[in-house]
Structures are given as C-alpha cells and as structure tokens.
Amino acid sequence: MKLIFKEVVLGLFLAIIVFLALQGFDITPIILLGAAIFMIKVLLGSGIHSRRFDVTNNRYASLSCIPNIVFDDIGGQEAAKREFIEALDFIHLDKKIRDLGIRPLKGILLVGPPGTGKTLMAKAAANYTDSVFIAASGSQFVEMYAGVGAQRVRQLFKKVYADAEKAGKNTGIVFIDEIDTLGARRGKNLSHMEYDQTLNELLTQIDGIKVNQKIRVLVVAATNRADLLDPALIRPGRFDRIVQVELPDKDGRLHILKIHAQGKPLADDVNLDQIAKETFGFSGAHLESVMNEAAIQALRAGEKKITQNNLREALEKVMLGEKLDRKPSMREKIIIAYHESGHAMLSEKVQTGSVSAITITSRGNALGYIRRHPEEDQYLYTKSELLDQIQICMAGATAEEIIFGQRSTGAIGDIKQAINIAKQLIFAGLSSLGVVDDDLSGSILSQEISRIIKEQEEKVREYLSSFEDRLRIIAQELLDREKLSGTEFRKILGKTA
Ligand code: ADP
C-alpha cells in the first residue's frame, strides 16, 4: 500500500516536471535538488530500499524459513552439540523459566576454527527450536559511513521479529558469523567510531530481549578469535554461553566422512577409517571437500563408483592444491627425487609405517612431497618427538648435499618449518636454555635455533650417509614411477636393506 502511494506521488511529480519543461520553465534547479535529496537518502540508507544498505535485501542475510539441517547432520562435535542443545533447551522450558524468574538465554557464542560446522550448528538450532532463522556476517555491518552499521543491526532484529510473526513462530534465531569483525574491543579502531556505534547497537538489541516478549530471539554468533571480542559482549546476560567447536578427532572425522558419503556410491576397496586416520588437522569443510573431489575424480576417470585411490587423490588435492602442468627439467626432477627420498627415509626412521605416499609431481606450491600420517591424533609432543620432526624437515636438503655436494632453494619451506619447531621447543622450556621468557633477546633465540637445527642435521647426515645406497635406489625408483605408495616405499626399503 505504502509502495503504491509512493509510486503515484513519484509519477505525479514527474508529470508536473515534464509539463513545466514543455511550458518553457527552467527545470534545472528542480533536477539538481532532486539529485541532492536522492544522494543524501542513499548515503544514510533510509527510506530507499537500496541493495547496499538494506541488510534484509542482502543475499546472505535472509533465510527466514526454518533450515532443514538437524544435529544428526553434524559429525564429530558431540561435546559441542551436547552443550549447545542443553542451552537451547532453555528456550523450550519457557514457562518454567518464567515461573522461576530465570533471565532468558539471549546469546550463544560458538568459538572455533573455520569450517568446523558453526553455521550448521546455528541452523540445526533453529530447526531444533522451531525458530525462524536469519544469518548475517560481521563484515556486512562494517561500513565507512557513520550510522549505517548500527542501522543494519536494527534492521536485522526488526526482520527476525517480523518474520517470526509472519510465520506464526514464538522464537527466532539471529546468526552472526565472524562476530569479531564487528564486536572487536571498542576504541581499538582508531580510524572511525563507526565500529563502536555498530557494536553499541548490537548490545542494545541484545539487552532489549525480554523474558515476557511474545517472540523470543536468540542470538548465535560465531568467531575464531574470542580473545578479540569486547568484554561487554561476553558479559553475563549477553553471550553468556560459550561453546567451543574444535577440529574433529579421528572418530569425528570418520563420522563426518560417513555423513558426506551418503548418496555417493563407494567401491568395495574404500576404507574411510584409513582416510580419517590420514586427515589429522582437517576441518569438516575439508572433509566434505575430500568426498566431493573424490566423486569428481571418479567421474573424470569414467568410473561408476568412488575408489580408495580417488579418495587419496582428493585428499592430496585438498591438502596441497591442484596438480600443476609445471614441468621441472630432468636435472630438477633428480634433485626433487633425492630430496623427497631423504624426507621419507627419515620419516620412516623416526616412526615406522608413517609414510603414506611420496611423489615428485608438482602440486600447489610443492614440487614434490611426502604425505605422512600419524598412528594416532597427537596434541602433545615430547622433546625427542620435536627433534625427530626437525630431522624429517632437514632430511631433504641433507640428502641433496650428500649426493650433489650442495643444496638447492627447494628446502626453504622445510627450513621455515624446522625453525618454527625449534621455537616451539625453546618456548616450551625444552631447550638447553631452560625456561625462557617471551621476550628472549633475538640474538640468543636465533643462536639457540641454529644450534638445535645443526645438531639434528648432523644426525640426519650420519644416517643418510650410512644408507646412501638405499637413498639412491629409492630416488631412482621415484624417478621411474613418479609416485610411490607408503607400502611400495617400505617394500623397496626392506628389499634393499
Ligand atoms: P563454519 O561456520 O564453522 O565456518 P560451516 O558450518 O559453514 O563452518 O561448514 C561448512 C561446510 O563444511 C558445511 O556446509 C558442511 O558441508 C561441512 N562441515 C563442516 N563441519 C561439519 C561437521 N561437523 N559435520 C558435517 N559437515 C561439516
């Protein structure tokens, strides 16, 4: 109704202008005035339904229907799901809550790395509580113009109440992803106070949620960096529940792989348990990508079912990137083959059975690579385990040195990794320096790093030199076949022993 009225007024206005122009009046000032009013309205984002400023028109923003994701679609987050559901049950127990005078739960903060299922959790929460659901991302509220972010926050909340009313629901969930973009500590953004205004508005909206409202709104927010958030956001009465959503462990990874394998034909040789073992550090999003990529591999190969090989290939693609057409010269290939054989031999020395694949095919940034898998997921390392890791890192360059008398630039990444491990060792108080402070002087730190790495390099040199014949055979085999599986590699290693 309001819109029709506006259109009629606009039409009349245009007709008058045309009439005046035909009568010979100078209409330039009217046009200029109209343009100025339009600009002001656009900048303030008021009245005009511009795509830019209206959060409700944004393609990410509205999903007012109830999402069809349920908690069973989320794998490997058992503890987080339990905690989350417990908190959500507060919404169901509405009457009891009112009778006991408990203040309503207004906000739940999901904290964890990207791709672990935080958005899925928020959607499942809407489904579980039969609530309308609206999603937005923190970055959508950050604008250069004062007041726009705050206005978007208001629009978002207005929309959730309106949508719940329309859908006849008593509850609504507002999901704000990357809340750290908008909820960082106030006063931190010196350039403008816009962030602060936006955050203040969010706090006002959260504070405005009352127990006796007809429609109850729950704000679910997600972040990877809870430490960056303004303390006002996480104080009791606002986001007073914090749920940690971690990277999945092995059983969790298996669960997620099984969820995403649904509806995909798997060949008999597929061993998802093995893939779960080899994907330590992968998020749910990575695992979804592995299953999807494996299906694409099968399609490309004209196969009807996904094989274990498809899954392995997909895993490497997700881990390291697409295979490249980059063709190293024969001389470079020989260097790469020795480099990777060195890594693999040391990996096998420190942990038998740890090599799952070696290849000299370029992929992503790597000219060649070995893929290792731990026996078990590991979260804590002893000193000797860290030193072993340094040995594996340095084995590529050392192998080159033994065979060719010099190293190449191919070891830069390995060196960086070795330095990081050495730092970890030093700051955990495991080096000869004993317990050290964070602000350890730069020169003492770098001296200690060099000492640790040199000592390990010496051990690697000793080992590889004494098994140079094996190193040569493995590198040659790699040059002939481009890729060796862990089993093939161990067979050769055993044969030549
Ligand atoms: P986040 O919000 O934590 O960044 P999302 O919930 O957006 O992550 O996850 C992205 C995608 O990754 C999902 O759509 C889903 O396909 C997959 N995924 C992530 N975590 C899980 C999980 N725990 N179980 C099943 N799938 C998952």
Side-chain angles (χ1 to χ4, degrees), residues 58-63 65-85 87-88 107-128 131 133-141 173-183 218-229 239 241-264 266 272-273 275-276 279-296 306 311 314-315 317-319 377:
N58 195 301
R59 70 197 160 94
Y60 304 112
S62 82
L63 243 185
C65 52
I66 295 173
N68 56 5
I69 303 279
V70 295
F71 280 110
D72 280 344
D73 296 333
I74 307 170
Q77 298 292 354
E78 297 315 315
K81 280 198 289 191
R82 208 174 320 116
E83 215 178 317
F84 197 33
I85 291 173
L88 291 174
I108 300 179
L109 184 65
L110 303 173
V111 182
T116 42
K118 299 185 290 298
T119 310
L120 288 183
M121 290 252 205
K123 288 183 179 171
N127 193 305
Y128 183 75
S131 309
F133 178 79
I134 293 188
S137 166
S139 54
Q140 285 173 254
F141 299 98
I173 288 186
V174 172
F175 175 61
I176 306 178
D177 202 1
E178 300 171 21
I179 187 136
D180 43 297
T181 337
L182 113 104
L218 173 73
V219 186
V220 179
T223 179
N224 189 21
R225 298 289 310 271
D227 55 314
L228 293 182
L229 295 182
F239 285 102
R241 284 293 165 110
I242 299 186
V243 176
Q244 296 287 341
V245 187
E246 305 287 357
L247 285 172
D249 61 9
K250 201 210 104 195
D251 291 342
R253 295 196 294 275
L254 180 61
H255 188 179
I256 297 173
L257 283 168
K258 282 185 179 162
I259 288 175
H260 291 290
Q262 277 165 20
K264 294 190 174 73
L266 301 183
L272 290 182
D273 198 70
I275 300 294
T279 43
F280 178 71
F282 274 43
S283 68
H286 284 130
L287 294 167
E288 188 275 335
S289 198
V290 168
M291 284 310 301
N292 194 48
E293 277 301 329
I296 294 172
I306 298 170
L311 281 163
L315 195 157
K317 184 172 171 197
V318 172
M319 209 183 255
D377 290 0

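When a ligand or atom number is given, it counts from 1 through the structure's own listing order.
The salt bridge (charged side-chain N to carboxylate O under 4.0 Å, His left out) pairs that include a residue from residues 73-84 are E78-K81, where partners are two or more places apart or lie in different chains.
The heavy atom nearest to atom 23 (N) of ligand 1, considering only G75, A285, G117, is found in G75. Residue G115 holds the heavy atom nearest to atom 19 (C) of ligand 1 of all those in G115, S283, A122. Of the listed options G76, G284, P114, A135, G284 places a heavy atom closest to atom 21 (C) of ligand 1.
Ranking protein heavy atoms by distance to atom 14 (O) of ligand 1, first place goes to L120 CD2, 4.1 Å. Distance from atom 26 (N) of ligand 1 to its nearest protein heavy atom, with residue and atom name: H260 NE2, 2.8 Å. Looking only at protein heavy atoms, the nearest one to atom 2 (O) of ligand 1 is T119 OG1, 2.6 Å.
Residues L266 and L272 are in side-chain contact: their nearest non-hydrogen atoms beyond the backbone lie under 4.5 Å apart. Residues N224 and D180 fail the side-chain proximity criterion, which asks for heavy atoms closer than 4.5 Å. Between F84 and L110, the closest side-chain pair of non-hydrogen atoms falls below 4.5 Å.
Taking a cut-off of under 4.0 Å to the non-hydrogen atoms of D73, the atoms of ligand 1 that pass are 24 (N), 25 (C).
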List the atom pairs, with distances to 0.1 Å, where a side-chain N or O of residues 279-289 and a protein N or O form a donor-acceptor pair under 3.5 Å, not counting sequence neighbours.
{"residue": "T279", "atom": "OG1", "partner": "R253", "partner atom": "NE", "Å": "3.3"}
{"residue": "T279", "atom": "OG1", "partner": "I275", "partner atom": "O", "Å": "2.8"}
{"residue": "T279", "atom": "OG1", "partner": "A276", "partner atom": "O", "Å": "3.0"}
{"residue": "S283", "atom": "OG", "partner": "A285", "partner atom": "N", "Å": "3.4"}
{"residue": "S283", "atom": "OG", "partner": "H286", "partner atom": "N", "Å": "3.2"}
{"residue": "S283", "atom": "OG", "partner": "H286", "partner atom": "ND1", "Å": "3.1"}
{"residue": "H286", "atom": "ND1", "partner": "S283", "partner atom": "N", "Å": "3.0"}

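F175 and F133 have parallel rings, their planes meeting at less than 30° on a 0 to 90° scale where 60° marks the start of perpendicular.
Of all the heavy atoms of V245, none lies under 4.0 Å from any atom of ligand 1, so neither backbone nor side chain is involved. With a 4.0 Å cut-off on non-hydrogen atoms, K118 touches ligand 1 through its backbone as well as its side chain.
Atom NZ of K258 has 12 or fewer heavy atoms from other residues, nucleotides or ligands within 6.0 Å.
Looking at ligand 1, you won't find any N or O of E288 less than 3.5 Å from one of its N or O atoms.
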